[in-house]
Amino acid sequence: MQMSERAITRKPKLSLAQKRGLTGWAFLAVAAGLIIWMNFYPMVRGFYIALQSGVGANMQFAGDLNFRRLFADPQFRQTISTTFLYLVVQVPIMLLTALALASMLNNRNLKGRGIFRTAIFLPCTVGLVAYALVFRQMFAFDGLINTILINVGILETGHNWLGTAWSARLVIILGLLWRWTGFNMIFYLAGLQNIDRSIYEAARIDGANPFQQFWKITIPLLRPVILLTAIMSTNGTLQLLDESLNLTMGGPGITSRTMAHQIFATAFQGNPNIGYASAMAFVIFVMVAVLALLQMKVGDKR
């Protein structure tokens, strides 16, 4: 009788599949904990700080004061328009150039294509601060660019590239194109190499010209990669800081300053206002999330 009661109360052993499942969840729990701690907690904490006013120990709850001030701030509106100018002009040119370069360098008959690929990719390995300082010297009033343009007769006197609003923005756009085009080209090149060449051969037999092959075969099959690069480039541009801070210093005035640069200046320069800077950062976070969702809705046909 006692033996039967023990047999009834004995807990069933876990099966091998259940043990494996628990082991997997144990590993996932560690990763999930790190993600929550390193990503989600800072988001929640940042939003909480955005509802505060004051500095340090004197910070007090202020509700939506920082957000109401934010949308009435002409400087922040200026940085939004400048950042979206970079986004609208630079990102399409960069992605189209990267796609064109990848298509050319995917040609098996091209000699020295490895050297060309390396040369185009190398700029993205250069440090952000280093290349910004080099561009700053090149576009100085007595720099290399003015010297070349004067010698070829395009300019009579040097142009103050970094002291004029439109040209300072142009310098940042050129810097971004120089540095990040090769980075995106690698993604497109990897995608092109995964496309079966027999598809192009069949299209040529059916009479498709190179443009038709590119538009009807390459673009549809590269859609996931194009979507990925578009989202990454959009996120990177909306969070752009180094070029604005080191290349033009946001000048002249704040005409070339980005939103991230404005957050940096608000949080660490002059009279620091961490709560107001956190409100700006949260608005940028919402912008990035909304644009990423829109791009996925438009680009992902599944």
Side-chain angles (χ1 to χ4, degrees), residues 1-51 91 94-95 98-99 102-103 105-106 108 114 117-118 121-122 124-125 127-128 180 182-200 202 217-241 260 278 281-302:
M1 187 66 180
Q2 291 179 353
M3 292 296 293
S4 61
E5 290 178 354
R6 289 179 182 176
I8 293 173
T9 57
R10 184 180 297 171
K11 294 182 179 179
K13 293 183 178 180
L14 295 175
S15 66
L16 180 60
Q18 290 175 325
K19 290 180 179 179
R20 288 180 176 176
L22 289 175
T23 303
W25 280 111
F27 282 107
L28 284 176
V30 176
L34 290 173
I35 291 173
I36 292 172
W37 178 42
M38 301 295 291
N39 291 301
F40 291 100
Y41 173 73
M43 292 180 197
V44 176
R45 181 65 178 172
F47 181 71
Y48 174 75
I49 294 174
L51 302 177
V91 170
M94 177 180 64
L95 296 184
L99 182 57
S103 298
L105 295 178
N106 193 45
R108 293 181 177 181
R117 291 175 182 177
T118 304
F121 177 75
L122 276 179
C124 74
T125 65
L128 289 168
W180 295 111
F183 177 80
N184 289 282
M185 181 200 72
I186 294 300
F187 285 93
Y188 294 140
L189 195 57
L192 287 170
Q193 291 176 349
N194 285 325
I195 299 176
D196 192 345
R197 291 189 173 273
S198 62
I199 300 176
Y200 292 101
I217 299 175
T218 304
I219 295 297
L221 293 178
L222 279 183
R223 182 177 285 116
V225 182
I226 294 172
L227 178 62
L228 172 66
T229 55
I231 291 175
M232 291 194 305
S233 300
T234 299
N235 293 351
T237 304
L238 291 179
Q239 301 174 64
L240 186 65
L241 172 64
S278 297
F282 191 79
V283 169
I284 294 179
F285 165 73
V286 173
M287 288 181 181
V288 169
V290 170
L291 286 175
L293 287 174
L294 288 175
Q295 288 174 326
M296 291 183 68
K297 286 291 185 182
V298 172
D300 193 350
K301 301 298 184 182
R302 291 173 294 178

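Because the structure is a prediction, the values reported are computed rather than measured.
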[X] side, atom [atom1]; [Y] side, atom [atom2] - distance, nearest 0.5 Å:
X: Asn184; Y: Met232; atom1: CG; atom2: CE; answer: 6.0 Å
X: Leu222; Y: Leu227; atom1: CG; atom2: CG; answer: 12.0 Å
X: Met287; Y: Thr234; atom1: CE; atom2: OG1; answer: 13.0 Å
X: Tyr41; Y: Ile36; atom1: OH; atom2: CD1; answer: 13.0 Å
X: Leu105; Y: Ile186; atom1: CG; atom2: CD1; answer: 8.5 Å
X: Leu221; Y: Ile199; atom1: CG; atom2: CD1; answer: 5.5 Å

(message) Using the side chain to side chain contact (heavy atoms under 4.5 Å, CB included) criterion, which residues pair with Ala230? Sequence neighbours excluded.
(response) Leu95, Gln295
ring-ring contact (aromatic ring centres under 6.0 Å, His included) partners for [X], two or more places apart:
X: Phe47; result: Phe282
X: Tyr48; result: none
X: Phe187; result: Phe183

So which heavy atom on [X] is nearest to which on [Y], and how close?
X: Ala102; Y: Tyr188; result: CB-CB, 3.6 Å
X: Leu189; Y: Arg117; result: CD2-NE, 3.3 Å
X: Ser233; Y: Thr237; result: O-OG1, 2.8 Å

(message) Is any side-chain heavy atom of Val283 closer than 4.5 Å to one of Val286?
(response) no
(request) Find out whether Ile226 and Ile219 are in side-chain contact, i.e. whether some heavy atom of one side chain is under 4.5 Å from a heavy atom of the other. (result) yes
(request) Scan Leu294, Leu293, Val288 and name whichever one has a side-chain contact (heavy atoms from CB on, under 4.5 Å) with Val290. (result)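 The residue from Leu294, Leu293, Val288 that satisfies side-chain contact (heavy atoms from CB on, under 4.5 Å) with Val290 turns out to be Leu294.
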(message) Under the rule for side-chain hydrogen bond (donor to acceptor under 3.5 Å, both in side chains), what residues qualify as partners of Ser278, not counting sequence neighbours?
(response)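 side-chain hydrogen bond (donor to acceptor under 3.5 Å, both in side chains) check on Ser278 returns nothing, list empty.
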(request) Not counting sequence neighbours, which residues clear side-chain hydrogen bond (donor to acceptor under 3.5 Å, both in side chains) with Asn194? List them please. (result)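 Testing Asn194 for side-chain hydrogen bond (donor to acceptor under 3.5 Å, both in side chains), a comparison that skips the adjacent residues, returns none.
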(message) Would you say Tyr200 and Thr218 are linked by a side-chain donor-acceptor pair, where the criterion is simply a distance under 3.5 Å?
(response) yes
